[in-house]
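What follows is one structure encoded as structure tokens, with my remarks underneath.
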Amino acid sequence: MAKARAEKRIKQLRDEIRRHDYLYYVLNKPKISDAKYDKLMEELKTLEEKYPNFVTTDSPTQRVGAAPLEEFETVRHTKPMLSLDTALEEEDIQRFDERLKRELALELIEYIAEPKLDGLSVELIYEKGHFKIGSTRGDGINGEDVTENIKTIRAVPLLLRSSDLSIPEMVAIRGEVFMNINDFEEFNKQLIQQDEQPLANPRNAAAGSLRRLNPRETAQRPLDIFFYEIMDIKGMEVETQWDSLQYLKKWGLKTNTMVEKYSGSDDVIKYHQKMLKKRDTLEYEIDGVVIKLNNIELQEKLGVKARSPRWAIAYKFPSRVEKTRVMDIMAQVGRTGALTPVALLKPVDVGGVTVSRATLHNQDFIDEMDVRIGDVVRVGRAGDVIPEVNEVIKSARTGKEKKYRLPITCPICGSKVVEVGAFKRCTGGLSCVAQLKRSIGHFASKGAMDIEHLGRKNVDLFVDHGLLKSVGDVYQLKKDNLQALPRFAEKSAENLVDAIEKSKERSLARFIYALGIPNVGEHIARVLADKFKSLENLIAASEEELLSIYEIGPEIADSVTSFFKEKRNVKEIEKMRKLGVKAVVTKEKKEKPGVLKGKSFVFTGGLKDFTRGEAKRIVEELGGRATSTVNDSTDYVVIGDKPGSKYEKAKKLGLTILSEDEFKKVVGKKVMKYDRM
Ligand code: IVH
């Protein structure tokens with residue numbers, strides 16, 4: 001009896017969870033809190049553990065968990081996955097339209113216009129509504145079987161929704177996997193914190209994430225998907241591209257909301273202009289629009305060329321890549337001593353932003369591209385990412401260009417430079433002024449000890465005047481020493497000393513993060529603080545103890561133990577403790593009075609005075625919540641420059657909308673703390 005009840009409850013829970021997944025991930029309209037959702041999931045997991053016979057492959061619990069693979073299997077696509085011819089000018093579209101009219105003997109053609117998503121194409125096969133196989137495009141004929149990885153994408157239903165529209169025997173669907181720009185930036189930040197090379201753009205991040213051999217790793221990456229084509233279907237007929245999209249929607253598959261139906265090429269051209277304006281306000285990258293003949297019978301009549309259909313065309317946006325000259329190359333020394341070559345460019349406008357520097361990553365990158373000083377190059381930028389040199393125009397060479405090699409001694413401190421993997425690293429440690437400055441800067445930064453007024457400029461000033469020779473010296477700064485410096489008055493000196501004093505109360509997690517141990521970002525620092533509870537315990541932790549923690553692998557374990565093996569690091573910590581730094585376990589959020597307790601905020605558009613991360617942190621520190629989706633329960637929507645669709649939604653729902661200045665007022669004086677330095 002209990003068993004029968006359990007079976008019924010399991011079914012109920014699955015339906016309920018699927019419904020919330022659909023509301024949250026596909027429609028972007030969550031109806032319940034995360035906590036309630038987690039509770040449902042927990043209940044389902046517990047029941048399935050107790051009654052493993054009832055576990056099915058399409059249960060919401062089965063998204064993650066498949067074992068890592070040695071390599072991907074190859075799967076043949078149901079039909080070739082074609083690519084598209086491209087158009088850049090209005091005339092190209094007019095010519096395309098003329099050709100279609102001529103070949104189909106029609107006066108007016110009906111088109112579907114869709115955003116062209118900058119991600120990677122996949123084919124998904126559903127049999128009787130169950131998700132069976134997912135594959136990458138590969139060479140168009142055969143792709144890689146990434147089924148388990150695709151299952152981790154929450155917007156992909158494991159079971160199609162049944163509605164008034166029946167579920168086909170089999171349907172093969174094409175979609176585009178991508179990463180949202182915000183998620184990508186967050187992800188890159190983590191990579192940088194872990195001393196890893198950031199990725200060039202969201203597209204590469206999505207591609208790399210989808211092709212992990214370990215599905216658990218893919219599950220950690222915030223991937224999303226839009227579906228746009230029925231490649232093959234059994235047991236149903238589809239007449240138009242428009243209908244295809246309606247069917248996909250009904251089956252619970254996420255489709256883009258900005259798809260339009262037009263007659264003739266004029267409106268298609270207008271659509272392109274409209275989307276180009278919208279481009280920078282979207283949460284994901286698009287690189288153009290796709291124009292498709294709507295009628296599928298007519299599509300078949302026109303047929304395909306070698307690799308692209310004759311009935312569709314990609315109408316691309318002007319690129320965010322521009323030509324300019326490399327005036328010089330220099331080596332920048334980072335916090336951990338890594339030398340990054342940076343190209344100093346003749347300033348150029350790239351998609352509305354003036355670019356005068358671009359990263360060259362490392363020596364291998366320079367060698368492979370063969371970038372030389374004096375070269376004409378193409379620099380590109382994707383979203384808000386650091387500009388990068390994409391291409392060297394070798395035909396523009398005059399013979400006067402000079403090759404560049406990273407120096408063998410540090411350009412800042414003269415210490416020896418050693419090679420660590422693809423990177424060169426200065427061995428000067430904190431005796432290298434560049435590393436010292438960046439380490440102190442990191443120590444005082446917002447996510448770390450959060451010392452107001454100790455930004456880059458002041459750190460440089462204090463180090464240059466010999467007031468700071470180590471990180472711990474921060475706690476020996478005296479008002480008198482500061483006042484002796486140029487531009488420092490009594491009040492500013494006092495403010496800084498007060499801020500330093502306040503930082504002594506910061507939590508253990510923040511302190512661990514502030515130490516700047518390689519591979520230990522904010523999240524791992526929190527994990528370590530939760531586990532070890534005190535600095536003494538952490539310093540004494542063995543590699544085995546560290547490895548026994550779920551989220552800690554050999555690389556982090558090694559980083560942590562090596563850091564504390566260095567006597568001077570431990571000494572520095574002891575010094576700071578003697579000077580009053582507490583670094584104890586506290587629940588940060590509870591410390592604060594929480595004037596925004598229970599209030600939720602959504603930000604949209606660019607803010608002038610804060611980064612998104614800063615704005616979110618302010619809200620959280622005051623007890624509020626910052627989320628990314630606007631719904632009925634959102635209390636405030638803060639709009640910056642070029643607000644996106646969230647703004648429209650907020651207006652529709654009649655929510656309280658705040659400008660950046662109004663937001664500052666709501667969060668009160670606290671804001672001063674985050675003034676940019
Ligand atoms: S249709 C036969 N629609 O663009 C159908 N493709 O340059 C061919 N893409 O490989 C594809 N958004 O990865 C289509 N709305 C969209 C798209 C789209 C992005 C990608 C797709 C394709 C590439 C062609």
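Hydrogens, waters and symmetry mates are skipped; everything else that's a heavy atom, side chains included, is used. Ligands are counted one by one from 1 in listed order, and the atoms in each one are counted from 1 as well.
Taking every heavy atom of S121 and a limit of under 4.0 angstrom, the matching atoms of ligand 1 come to 10 (O), 13 (O), 21 (C). Listed by atom number, the atoms of ligand 1 under 4.0 Å from K292 heavy atoms are 1 (S), 3 (N), 14 (C), 16 (C). Interface atoms of ligand 1 facing P115, defined by a heavy-atom separation under 4.0 Å, are 12 (N), 15 (N). In the vicinity of E114, heavy-atom distances shorter than 4.0 Å reach the ligand 1 atoms 3 (N), 15 (N), 16 (C). Within the listing of ligand 1, atoms 5 (C) sit less than 4.0 angstrom from a heavy atom of E229.
Between Y24 and Y37, the ring centre distance reaches or exceeds 6.0 Å.
Within the 4.0 Å heavy-atom shell around ligand 1 one finds P309. For the ligand labelled ligand 1, residue S308 lies outside the 4.0 Å heavy-atom shell.
For the 3.5 Å distance criterion, the side chains of Y284 and D183 fail to qualify, holding no donor opposite an acceptor. D97 and Y111 are linked by a side-chain donor-acceptor pair at a separation below 3.5 angstrom, with hydrogens and angles left out of the test. Side-chain contact check for E176 and Y228: at least one donor-acceptor pair (N or O, by modelled atom type) lies under 3.5 Å. There is a side-chain donor-acceptor pair under 3.5 Å between T78 and E123. A side-chain donor from one of E388 and H361 sits under 3.5 Å from a side-chain acceptor of the other.
With a 4.0 Å cut-off on non-hydrogen atoms, L84 touches ligand 1 through its backbone as well as its side chain.
The N/O atoms of E176, backbone and side chain alike, include one that comes under 3.5 Å of an N/O atom in ligand 1.
Remark: among candidates L117, I291, V122, the nearest residue to atom 12 (N) of ligand 1 is L117, based on non-hydrogen atoms. Nearest to atom 22 (C) of ligand 1 by heavy atom, out of K79, R174, K116, is R174.
A cation-pi arrangement, defined by a distance under 6.0 Å to the six-membered ring centre and an angle within 45 degrees of its axis, is present between R161 and Y22. Within the cation-pi definition used here (under 6.0 Å to the ring centroid, within 45° of the axis), K651 qualifies as a partner of Y647.
For atom 14 (C) of ligand 1, the nearest non-hydrogen atom of the protein is Y228 CE1, 3.2 Å.
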